[in-house]
There are 2 protein chains.
Amino acid sequence: MPEERADPRQVRSREAMVTAATALLTEGGLEAVTHQAVAARAGVGRATVYRHWADLLGLRLAALEAGMPPLSPAPEDVRAASGAEPRAELVHYLRQLCERLDDAQAGAVLAAVLGGAQYDDGMQRLRLTVLTQIVDSLRPAVTAAVARGRLRADVTAETFAMTTVGPLVYQRFLAGARLGRDMVDAVVDAALRAWAP
Amino acid sequence: MPEERADPRQVRSREAMVTAATALLTEGGLEAVTHQAVAARAGVGRATVYRHWADLLGLRLAALEAGMPPLSPAPEDVRAASGAEPRAELVHYLRQLCERLDDAQAGAVLAAVLGGAQYDDGMQRLRLTVLTQIVDSLRPAVTAAVARGRLRADVTAETFAMTTVGPLVYQRFLAGARLGRDMVDAVVDAALRAWAP
DNA sequence: CCACTATGAGACAGGTTGACTCACAATGCC
DNA sequence: GGCATTGTGAGTCAACCTGTCTCATAGTGG
(Lines give C-alpha, C1' and ligand atoms only; values in the text may rest on other atoms or scores of the structure.)
Protein backbone atom coordinates (compact mmCIF):
# COMPACT_ATOMS: atom_id res chain seq x y z
CA MET A 1 0.00 0.00 0.00
CA PRO A 2 1.34 3.41 -1.00
CA GLU A 3 1.46 4.85 2.51
CA GLU A 4 2.56 8.25 1.17
CA ARG A 5 4.07 10.60 3.72
CA ALA A 6 0.85 11.80 5.25
CA ASP A 7 0.22 15.05 7.05
CA PRO A 8 -0.71 14.18 10.66
CA ARG A 9 -3.58 16.64 10.41
CA GLN A 10 -4.96 14.65 7.51
CA VAL A 11 -4.78 11.29 9.23
CA ARG A 12 -6.20 12.73 12.43
CA SER A 13 -9.29 14.19 10.84
CA ARG A 14 -9.69 11.23 8.52
CA GLU A 15 -9.69 8.90 11.47
CA ALA A 16 -12.23 11.02 13.31
CA MET A 17 -14.46 11.09 10.25
CA VAL A 18 -14.29 7.35 9.62
CA THR A 19 -15.06 6.64 13.25
CA ALA A 20 -18.01 9.01 13.16
CA ALA A 21 -19.22 7.49 9.91
CA THR A 22 -19.21 3.91 11.20
CA ALA A 23 -20.93 5.03 14.38
CA LEU A 24 -23.65 6.68 12.34
CA LEU A 25 -23.93 3.59 10.17
CA THR A 26 -24.29 1.40 13.23
CA GLU A 27 -26.97 3.59 14.76
CA GLY A 28 -29.05 4.54 11.80
CA GLY A 29 -28.08 2.48 8.78
CA LEU A 30 -26.54 3.62 5.54
CA GLU A 31 -28.96 6.46 5.05
CA ALA A 32 -27.76 8.10 8.24
CA VAL A 33 -24.28 8.51 6.79
CA THR A 34 -24.13 11.94 5.11
CA HIS A 35 -21.40 14.54 4.81
CA GLN A 36 -23.19 16.83 7.18
CA ALA A 37 -23.87 14.22 9.86
CA VAL A 38 -20.31 12.93 9.71
CA ALA A 39 -18.90 16.45 10.00
CA ALA A 40 -21.06 17.22 13.03
CA ARG A 41 -20.29 13.93 14.70
CA ALA A 42 -16.56 14.10 14.04
CA GLY A 43 -16.30 17.72 15.14
CA VAL A 44 -14.95 18.64 11.75
CA GLY A 45 -15.80 21.21 9.13
CA ARG A 46 -18.30 20.14 6.53
CA ALA A 47 -15.90 21.18 3.79
CA THR A 48 -13.30 18.81 5.17
CA VAL A 49 -15.56 15.82 4.69
CA TYR A 50 -16.18 16.88 1.09
CA ARG A 51 -12.45 17.27 0.58
CA HIS A 52 -11.79 13.66 1.62
CA TRP A 53 -14.78 12.08 -0.07
CA ALA A 54 -16.20 14.11 -2.90
CA ASP A 55 -19.24 11.86 -3.31
CA LEU A 56 -21.63 10.27 -0.90
CA LEU A 57 -21.01 6.75 -2.08
CA GLY A 58 -17.31 6.98 -1.35
CA LEU A 59 -18.01 8.20 2.13
CA ARG A 60 -20.46 5.41 2.78
CA LEU A 61 -18.11 2.79 1.42
CA ALA A 62 -15.42 4.07 3.76
CA ALA A 63 -17.81 3.66 6.67
CA LEU A 64 -18.71 0.16 5.54
CA GLU A 65 -15.14 -0.94 5.02
CA ALA A 66 -14.04 0.37 8.38
CA GLY A 67 -16.94 -1.41 10.01
CA MET A 68 -15.99 -4.82 8.62
CA PRO A 69 -12.40 -5.69 9.57
CA PRO A 70 -11.17 -9.11 8.34
CA LEU A 71 -11.92 -12.21 10.37
CA SER A 72 -8.97 -13.30 12.47
CA PRO A 73 -7.48 -16.71 11.66
CA ALA A 74 -8.02 -19.66 13.96
CA PRO A 75 -5.40 -20.14 16.68
CA GLU A 76 -2.38 -22.24 15.77
CA ASP A 77 -3.45 -25.37 17.63
CA VAL A 78 -6.91 -25.43 16.08
CA ARG A 79 -5.43 -25.05 12.61
CA ALA A 80 -2.83 -27.72 13.28
CA ALA A 81 -5.48 -30.17 14.45
CA SER A 82 -7.62 -29.41 11.42
CA GLY A 83 -6.22 -32.30 9.42
CA ALA A 84 -7.47 -34.71 12.04
CA GLU A 85 -10.63 -32.88 13.10
CA PRO A 86 -11.76 -30.12 10.73
CA ARG A 87 -14.97 -29.41 12.60
CA ALA A 88 -13.28 -27.28 15.23
CA GLU A 89 -11.84 -24.91 12.68
CA LEU A 90 -15.15 -24.58 10.89
CA VAL A 91 -16.86 -23.82 14.16
CA HIS A 92 -14.19 -21.27 15.00
CA TYR A 93 -14.78 -19.17 11.92
CA LEU A 94 -18.53 -19.44 11.99
CA ARG A 95 -18.66 -18.48 15.65
CA GLN A 96 -16.60 -15.46 14.82
CA LEU A 97 -18.92 -14.63 11.99
CA CYS A 98 -21.87 -14.96 14.34
CA GLU A 99 -20.38 -12.60 16.85
CA ARG A 100 -19.96 -10.20 13.98
CA LEU A 101 -23.55 -10.59 12.92
CA ASP A 102 -24.75 -10.04 16.46
CA ASP A 103 -22.45 -7.08 16.87
CA ALA A 104 -24.33 -3.97 15.90
CA GLN A 105 -21.52 -2.50 13.83
CA ALA A 106 -20.61 -5.40 11.58
CA GLY A 107 -24.26 -6.40 11.53
CA ALA A 108 -25.09 -3.01 10.07
CA VAL A 109 -22.45 -3.51 7.40
CA LEU A 110 -23.80 -6.90 6.43
CA ALA A 111 -27.34 -5.59 6.40
CA ALA A 112 -26.32 -2.73 4.14
CA VAL A 113 -24.51 -5.09 1.81
CA LEU A 114 -27.47 -7.44 1.64
CA GLY A 115 -29.92 -4.64 1.12
CA GLY A 116 -28.10 -2.35 -1.23
CA ALA A 117 -25.70 -4.37 -3.30
CA GLN A 118 -27.84 -4.52 -6.41
CA TYR A 119 -28.21 -0.82 -6.93
CA ASP A 120 -24.65 0.20 -6.91
CA ASP A 121 -21.30 -0.68 -8.33
CA GLY A 122 -19.16 0.11 -5.33
CA MET A 123 -21.52 -1.89 -3.16
CA GLN A 124 -21.18 -4.81 -5.55
CA ARG A 125 -17.45 -4.76 -5.02
CA LEU A 126 -17.87 -4.58 -1.28
CA ARG A 127 -20.29 -7.51 -1.38
CA LEU A 128 -17.69 -9.50 -3.27
CA THR A 129 -15.01 -8.60 -0.75
CA VAL A 130 -17.15 -9.72 2.16
CA LEU A 131 -18.14 -12.88 0.35
CA THR A 132 -14.59 -13.78 -0.59
CA GLN A 133 -13.40 -13.13 2.92
CA ILE A 134 -15.95 -15.50 4.39
CA VAL A 135 -15.54 -18.26 1.82
CA ASP A 136 -11.75 -18.13 1.86
CA SER A 137 -11.56 -18.34 5.62
CA LEU A 138 -13.60 -21.54 5.48
CA ARG A 139 -11.75 -23.04 2.53
CA PRO A 140 -8.79 -24.74 4.27
CA ALA A 141 -11.01 -26.46 6.81
CA VAL A 142 -13.45 -27.58 4.11
CA THR A 143 -10.63 -28.98 2.02
CA ALA A 144 -9.31 -30.78 5.08
CA ALA A 145 -12.76 -32.17 5.82
CA VAL A 146 -13.05 -33.48 2.29
CA ALA A 147 -9.60 -35.05 2.46
CA ARG A 148 -10.48 -36.61 5.78
CA GLY A 149 -13.61 -38.14 4.31
CA ARG A 150 -16.02 -36.08 6.40
CA LEU A 151 -17.51 -34.36 3.39
CA ARG A 152 -18.31 -35.50 -0.13
CA ALA A 153 -15.48 -35.03 -2.59
CA ASP A 154 -17.49 -32.53 -4.63
CA VAL A 155 -18.23 -30.16 -1.75
CA THR A 156 -16.50 -26.83 -2.21
CA ALA A 157 -15.98 -24.02 0.26
CA GLU A 158 -18.65 -22.12 -1.68
CA THR A 159 -21.20 -24.87 -1.16
CA PHE A 160 -20.36 -25.27 2.47
CA ALA A 161 -20.54 -21.53 3.06
CA MET A 162 -23.97 -21.51 1.48
CA THR A 163 -25.30 -24.22 3.79
CA THR A 164 -23.84 -22.71 6.94
CA VAL A 165 -23.63 -18.96 6.46
CA GLY A 166 -27.00 -18.93 4.71
CA PRO A 167 -28.94 -20.23 7.70
CA LEU A 168 -27.06 -17.93 10.06
CA VAL A 169 -27.84 -14.89 7.95
CA TYR A 170 -31.44 -16.05 7.74
CA GLN A 171 -31.71 -16.35 11.50
CA ARG A 172 -30.17 -13.00 12.10
CA PHE A 173 -31.75 -10.80 9.46
CA LEU A 174 -35.00 -12.51 8.55
CA ALA A 175 -35.98 -14.37 11.73
CA GLY A 176 -34.52 -11.58 13.85
CA ALA A 177 -32.88 -14.01 16.27
CA ARG A 178 -29.66 -13.59 18.16
CA LEU A 179 -27.07 -16.19 17.32
CA GLY A 180 -25.80 -18.27 20.22
CA ARG A 181 -22.98 -20.80 20.22
CA ASP A 182 -25.38 -23.70 20.12
CA MET A 183 -26.88 -22.26 16.98
CA VAL A 184 -23.49 -22.42 15.28
CA ASP A 185 -22.97 -25.97 16.46
CA ALA A 186 -26.36 -27.01 15.18
CA VAL A 187 -25.80 -25.36 11.81
CA VAL A 188 -22.34 -26.88 11.34
CA ASP A 189 -23.54 -30.33 12.31
CA ALA A 190 -26.50 -30.08 9.99
CA ALA A 191 -24.19 -29.08 7.14
CA LEU A 192 -21.82 -31.94 7.89
CA ARG A 193 -24.75 -34.34 7.82
CA ALA A 194 -26.11 -32.84 4.63
CA TRP A 195 -22.84 -33.27 2.78
CA ALA A 196 -21.58 -36.44 4.42
CA PRO A 197 -20.22 -38.91 1.87
CA MET B 1 -61.24 -5.64 5.56
CA PRO B 2 -63.23 -2.42 6.02
CA GLU B 3 -63.61 -1.66 2.35
CA GLU B 4 -65.37 1.67 3.15
CA ARG B 5 -67.24 3.20 0.29
CA ALA B 6 -64.29 4.74 -1.51
CA ASP B 7 -64.32 7.62 -3.92
CA PRO B 8 -63.21 6.28 -7.32
CA ARG B 9 -60.86 9.24 -7.61
CA GLN B 10 -59.15 8.16 -4.45
CA VAL B 11 -58.67 4.57 -5.47
CA ARG B 12 -57.53 5.60 -8.92
CA SER B 13 -54.79 7.90 -7.75
CA ARG B 14 -53.86 5.59 -4.90
CA GLU B 15 -53.40 2.76 -7.33
CA ALA B 16 -51.30 4.91 -9.63
CA MET B 17 -49.14 6.00 -6.72
CA VAL B 18 -48.61 2.51 -5.34
CA THR B 19 -47.70 1.24 -8.79
CA ALA B 20 -45.26 4.10 -9.25
CA ALA B 21 -43.80 3.51 -5.79
CA THR B 22 -43.13 -0.18 -6.35
CA ALA B 23 -41.61 0.58 -9.74
CA LEU B 24 -39.28 3.09 -8.14
CA LEU B 25 -38.45 0.61 -5.41
CA THR B 26 -37.64 -2.03 -7.98
CA GLU B 27 -35.42 0.26 -9.98
CA GLY B 28 -33.58 2.16 -7.33
CA GLY B 29 -34.17 0.60 -3.95
CA LEU B 30 -35.96 2.06 -0.96
CA GLU B 31 -34.11 5.35 -1.14
CA ALA B 32 -35.57 6.04 -4.54
CA VAL B 33 -39.09 6.09 -3.12
CA THR B 34 -39.91 9.68 -2.16
CA HIS B 35 -43.07 11.74 -2.30
CA GLN B 36 -41.72 13.80 -5.13
CA ALA B 37 -40.53 10.87 -7.22
CA VAL B 38 -43.77 9.00 -6.74
CA ALA B 39 -45.81 12.06 -7.69
CA ALA B 40 -43.82 12.59 -10.87
CA ARG B 41 -43.95 8.92 -11.81
CA ALA B 42 -47.64 8.53 -11.08
CA GLY B 43 -48.56 11.72 -12.89
CA VAL B 44 -50.09 13.05 -9.72
CA GLY B 45 -49.73 16.21 -7.70
CA ARG B 46 -47.09 16.20 -5.03
CA ALA B 47 -49.66 17.29 -2.46
CA THR B 48 -51.78 14.26 -3.26
CA VAL B 49 -49.02 11.91 -2.26
CA TYR B 50 -48.65 13.76 1.03
CA ARG B 51 -52.38 13.54 1.57
CA HIS B 52 -52.34 9.76 1.29
CA TRP B 53 -49.13 9.13 3.19
CA ALA B 54 -48.16 11.91 5.51
CA ASP B 55 -44.76 10.42 6.30
CA LEU B 56 -42.09 8.86 4.17
CA LEU B 57 -42.02 5.58 6.02
CA GLY B 58 -45.69 4.94 5.39
CA LEU B 59 -45.21 5.56 1.71
CA ARG B 60 -42.27 3.18 1.56
CA LEU B 61 -44.09 0.50 3.47
CA ALA B 62 -46.96 0.75 1.01
CA ALA B 63 -44.50 0.21 -1.82
CA LEU B 64 -42.96 -2.76 -0.04
CA GLU B 65 -46.27 -4.40 0.78
CA ALA B 66 -47.56 -4.01 -2.73
CA GLY B 67 -44.33 -5.51 -4.06
CA MET B 68 -44.65 -8.70 -2.04
CA PRO B 69 -47.97 -10.42 -2.74
CA PRO B 70 -48.53 -13.72 -0.86
CA LEU B 71 -47.17 -16.96 -2.25
CA SER B 72 -49.81 -18.98 -4.04
CA PRO B 73 -50.62 -22.41 -2.59
CA ALA B 74 -49.50 -25.58 -4.29
CA PRO B 75 -51.92 -27.09 -6.81
CA GLU B 76 -54.47 -29.53 -5.47
CA ASP B 77 -52.76 -32.68 -6.70
CA VAL B 78 -49.41 -31.76 -5.22
CA ARG B 79 -51.01 -31.01 -1.85
CA ALA B 80 -53.01 -34.20 -1.95
CA ALA B 81 -49.92 -36.28 -2.66
CA SER B 82 -48.05 -34.56 0.12
CA GLY B 83 -48.90 -37.19 2.67
CA ALA B 84 -47.15 -39.79 0.58
CA GLU B 85 -44.39 -37.61 -0.89
CA PRO B 86 -43.86 -34.26 0.86
CA ARG B 87 -40.79 -33.33 -1.15
CA ALA B 88 -42.81 -32.13 -4.11
CA GLU B 89 -44.74 -29.63 -2.04
CA LEU B 90 -41.59 -28.32 -0.41
CA VAL B 91 -40.00 -27.89 -3.80
CA HIS B 92 -43.10 -26.13 -5.07
CA TYR B 93 -42.97 -23.37 -2.46
CA LEU B 94 -39.25 -22.92 -2.55
CA ARG B 95 -39.26 -22.70 -6.33
CA GLN B 96 -41.86 -20.02 -6.07
CA LEU B 97 -39.79 -18.22 -3.51
CA CYS B 98 -36.79 -18.42 -5.80
CA GLU B 99 -38.68 -16.95 -8.68
CA ARG B 100 -39.61 -14.15 -6.34
CA LEU B 101 -36.03 -13.62 -5.29
CA ASP B 102 -34.90 -13.56 -8.88
CA ASP B 103 -37.70 -11.25 -9.82
CA ALA B 104 -36.51 -7.70 -9.52
CA GLN B 105 -39.58 -6.44 -7.71
CA ALA B 106 -39.93 -8.96 -4.92
CA GLY B 107 -36.15 -9.19 -4.75
CA ALA B 108 -36.02 -5.49 -4.00
CA VAL B 109 -38.56 -5.95 -1.23
CA LEU B 110 -36.59 -8.75 0.35
CA ALA B 111 -33.38 -6.80 0.06
CA ALA B 112 -34.95 -3.80 1.73
CA VAL B 113 -36.32 -5.96 4.51
CA LEU B 114 -32.97 -7.63 5.07
CA GLY B 115 -31.12 -4.36 4.99
CA GLY B 116 -33.38 -2.04 6.87
CA ALA B 117 -35.41 -4.05 9.33
CA GLN B 118 -33.36 -3.17 12.36
CA TYR B 119 -33.71 0.57 12.12
CA ASP B 120 -37.38 0.85 11.98
CA ASP B 121 -40.51 -0.36 13.62
CA GLY B 122 -42.71 -0.60 10.57
CA MET B 123 -39.97 -2.51 8.79
CA GLN B 124 -39.77 -4.91 11.70
CA ARG B 125 -43.44 -5.68 11.28
CA LEU B 126 -42.99 -6.17 7.55
CA ARG B 127 -40.07 -8.49 8.18
CA LEU B 128 -42.26 -10.54 10.48
CA THR B 129 -45.02 -10.67 7.88
CA VAL B 130 -42.67 -11.92 5.21
CA LEU B 131 -41.11 -14.42 7.57
CA THR B 132 -44.44 -15.78 8.75
CA GLN B 133 -45.67 -16.05 5.21
CA ILE B 134 -42.69 -18.15 4.19
CA VAL B 135 -42.60 -20.38 7.24
CA ASP B 136 -46.34 -20.99 7.25
CA SER B 137 -46.43 -21.96 3.62
CA LEU B 138 -43.81 -24.63 4.33
CA ARG B 139 -45.39 -25.85 7.54
CA PRO B 140 -47.94 -28.40 6.23
CA ALA B 141 -45.37 -30.11 4.04
CA VAL B 142 -42.82 -30.19 6.84
CA THR B 143 -45.35 -31.68 9.23
CA ALA B 144 -46.24 -34.26 6.61
CA ALA B 145 -42.58 -35.09 6.09
CA VAL B 146 -42.11 -35.61 9.80
CA ALA B 147 -45.19 -37.82 10.01
CA ARG B 148 -43.97 -39.78 7.04
CA GLY B 149 -40.60 -40.36 8.71
CA ARG B 150 -38.63 -38.31 6.21
CA LEU B 151 -37.54 -35.79 8.81
CA ARG B 152 -36.62 -36.04 12.48
CA ALA B 153 -39.52 -35.66 14.84
CA ASP B 154 -38.08 -32.47 16.32
CA VAL B 155 -37.73 -30.62 13.02
CA THR B 156 -40.09 -27.65 12.85
CA ALA B 157 -41.10 -25.53 9.90
CA GLU B 158 -38.88 -22.81 11.37
CA THR B 159 -35.85 -25.08 11.35
CA PHE B 160 -36.53 -26.33 7.88
CA ALA B 161 -37.04 -22.82 6.57
CA MET B 162 -33.71 -21.82 8.05
CA THR B 163 -31.85 -24.63 6.29
CA THR B 164 -33.51 -24.05 2.95
CA VAL B 165 -34.45 -20.41 2.67
CA GLY B 166 -31.18 -19.38 4.33
CA PRO B 167 -28.96 -20.85 1.61
CA LEU B 168 -31.22 -19.45 -1.10
CA VAL B 169 -31.07 -15.96 0.36
CA TYR B 170 -27.31 -16.34 0.70
CA GLN B 171 -26.93 -17.31 -2.93
CA ARG B 172 -29.08 -14.51 -4.14
CA PHE B 173 -27.98 -11.58 -2.01
CA LEU B 174 -24.49 -12.42 -0.86
CA ALA B 175 -23.12 -14.62 -3.61
CA GLY B 176 -25.04 -12.65 -6.21
CA ALA B 177 -26.13 -15.77 -8.08
CA ARG B 178 -29.34 -16.36 -9.95
CA LEU B 179 -31.40 -19.19 -8.57
CA GLY B 180 -32.19 -22.00 -10.99
CA ARG B 181 -34.47 -24.97 -10.45
CA ASP B 182 -31.55 -27.28 -9.83
CA MET B 183 -30.42 -24.99 -7.05
CA VAL B 184 -33.76 -25.46 -5.30
CA ASP B 185 -33.55 -29.22 -5.75
CA ALA B 186 -30.04 -29.31 -4.34
CA VAL B 187 -30.98 -27.18 -1.36
CA VAL B 188 -34.09 -29.22 -0.54
CA ASP B 189 -32.23 -32.49 -0.84
CA ALA B 190 -29.42 -31.23 1.35
CA ALA B 191 -31.93 -30.16 3.98
CA LEU B 192 -33.69 -33.52 3.84
CA ARG B 193 -30.34 -35.25 4.32
CA ALA B 194 -29.36 -32.92 7.14
CA TRP B 195 -32.53 -33.59 9.09
CA ALA B 196 -33.13 -37.20 8.12
CA PRO B 197 -34.02 -39.37 11.14
C1' DC C 1 12.00 31.14 10.98
C1' DC C 2 9.38 30.43 6.73
C1' DA C 3 6.82 28.40 2.93
C1' DC C 4 3.26 25.13 2.65
C1' DT C 5 -1.08 23.06 3.25
C1' DA C 6 -5.08 21.05 5.74
C1' DT C 7 -8.60 22.96 8.18
C1' DG C 8 -12.98 25.63 10.04
C1' DA C 9 -16.08 29.09 9.19
C1' DG C 10 -18.93 31.13 6.36
C1' DA C 11 -21.26 32.63 1.95
C1' DC C 12 -23.84 31.10 -1.86
C1' DA C 13 -26.96 29.02 -5.54
C1' DG C 14 -29.79 25.21 -6.44
C1' DG C 15 -32.64 21.63 -5.05
C1' DT C 16 -35.75 19.09 -1.75
C1' DT C 17 -39.10 18.83 1.96
C1' DG C 18 -43.37 19.52 4.19
C1' DA C 19 -47.18 22.52 5.03
C1' DC C 20 -50.36 25.49 3.23
C1' DT C 21 -53.90 27.77 0.00
C1' DC C 22 -57.14 27.94 -3.82
C1' DA C 23 -59.58 27.09 -8.12
C1' DC C 24 -61.43 23.16 -10.36
C1' DA C 25 -63.58 19.12 -11.73
C1' DA C 26 -65.13 14.51 -10.63
C1' DT C 27 -68.43 12.30 -7.66
C1' DG C 28 -72.63 10.88 -5.03
C1' DC C 29 -77.13 12.14 -3.76
C1' DC C 30 -81.54 14.05 -4.41
C1' DG D 1 -80.27 17.05 -14.46
C1' DG D 2 -78.80 19.99 -10.57
C1' DC D 3 -76.17 20.64 -6.46
C1' DA D 4 -73.33 20.19 -2.37
C1' DT D 5 -69.35 17.51 -1.33
C1' DT D 6 -64.70 16.25 -1.78
C1' DG D 7 -60.34 14.68 -3.87
C1' DT D 8 -57.19 16.73 -6.80
C1' DG D 9 -53.37 19.71 -9.34
C1' DA D 10 -50.95 23.72 -9.29
C1' DG D 11 -48.75 26.89 -6.93
C1' DT D 12 -46.53 29.38 -2.90
C1' DC D 13 -43.58 29.49 0.98
C1' DA D 14 -40.11 28.85 4.69
C1' DA D 15 -36.87 25.69 6.32
C1' DC D 16 -33.43 22.66 5.41
C1' DC D 17 -29.82 20.09 2.82
C1' DT D 18 -26.27 19.81 -0.78
C1' DG D 19 -22.27 20.84 -3.17
C1' DT D 20 -18.90 24.45 -4.27
C1' DC D 21 -16.20 28.32 -3.28
C1' DT D 22 -13.40 31.70 -0.69
C1' DC D 23 -10.55 33.22 3.02
C1' DA D 24 -8.25 33.68 7.42
C1' DT D 25 -5.97 30.59 10.63
C1' DA D 26 -2.99 27.40 12.54
C1' DG D 27 -0.46 23.14 12.43
C1' DT D 28 3.47 21.12 9.81
C1' DG D 29 8.08 20.09 7.60
C1' DG D 30 12.21 21.93 6.25
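What you see below is based on every heavy atom in this structure, not just the backbone, and it leaves out hydrogens, waters and symmetry mates. Chain identifiers are assigned alphabetically (A, B, ...) following the order of the sequence lines, protein sequences preceding nucleic acid strands; residue numbering begins at 1 within each chain.
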- prompt: Out of C/dT17, D/dG9, C/dT27, which nucleotide sits closest to the side chain of B/Arg9?
  reply: C/dT27

- prompt: How long is the line joining CD of B/Glu31 and P of C/dT17, in whole Å?
  reply: 12 Å

field: Most 5' of A/Ser13 and B/Ala37 on DNA chain C, judged by nearest nucleotide
entry: A/Ser13

- line: Testing C/dT17, C/dC20, C/dT27 for proximity to the side chain of B/Arg12, the answer is C/dT27

- prompt: Would B/Arg41 and B/Glu27 pass as an ion pair if we require N to O under 4.0 Å?
  reply: yes

message: Testing the 3.5 Å rule here: is there a donor-acceptor pair between the side chains of A/Thr156 and A/Thr159?
response: yes

field: Closest listed nucleotide, where the reference is the side chain of A/Ala47 and the choices are D/dT28, C/dT27, D/dC21
entry: D/dC21

- prompt: Could you give the CD-to-P distance, from B/Gln10 to C/dG28, as a whole number of Å?
  reply: 11 Å

task: Can you tell me the distance, in whole Å, between the CH2 atom of A/Trp53 and the P atom of D/dT20?
output: 16 Å

task: Please determine, for the side chain of B/Val44, which listed nucleotide (D/dG19, D/dG9, C/dT27) has the closest atom?
output: D/dG9

query: If you check the B/Pro8 side chain, which of D/dG7, C/dA6, C/dG28 turns out closest?
result: C/dG28

message: Taking atom types as they are modelled, would you say the side chain of A/Arg46 forms a donor-acceptor pair with the base of C/dG10 within the 3.5 Å cutoff?
response: no

task: Ignoring hydrogens and angles, state whether a donor on the side chain of B/His52 or B/Arg14 is under 3.5 Å from an acceptor on the partner side chain.
output: yes

message: If the cut-off is 4.0 Å, is A/His52 near the phosphate of C/dT7, judged by side-chain N/O to OP1 or OP2?
response: yes

- prompt: Is any N or O donor-acceptor pair between the side chain of B/Arg14 and the base of D/dG7 shorter than 3.5 Å?
  reply: no

- prompt: Think A/Thr48 has a side-chain N or O under 4.0 angstrom from the OP1 or OP2 of C/dG8?
  reply: yes

Proximal nucleotide (of C/dG18, D/dT18, C/dA6) relative to the A/Asp7 side chain: C/dA6

task: Report the distance from atom NE2 of A/His35 to atom C1' of C/dG8, rounded to the nearest whole Å.
output: 16 Å

- prompt: In terms of the nearest nucleotide of DNA chain C, which residue is placed more toward the 5' end: A/Arg51 or B/Ala54?
  reply: A/Arg51

Proximity to the side chain of B/Gln36 - top-ranked nucleotide from D/dT28, C/dT16, D/dT22: C/dT16

statement: From CG of A/Leu57 across to P of D/dT18 the rounded distance in Å is 15 Å

task: Using distance alone, with no hydrogens and no angle criterion, decide if A/Trp195 and A/Thr163 have a side-chain donor and acceptor under 3.5 Å apart.
output: yes

- request: Report the residue (B/Gly45 or A/Leu56) whose heavy-atom-nearest nucleotide on DNA chain D is the more 5′ of the two.
  value: B/Gly45

- request: Select one nucleotide: of D/dT20, C/dT17, C/dG28, the one nearest the side-chain heavy atoms of A/Tyr50.
  value: D/dT20

- prompt: If we ignore angles and hydrogens, is there a donor and acceptor under 3.5 Å between the side chains of B/Thr22 and B/Gln105?
  reply: no

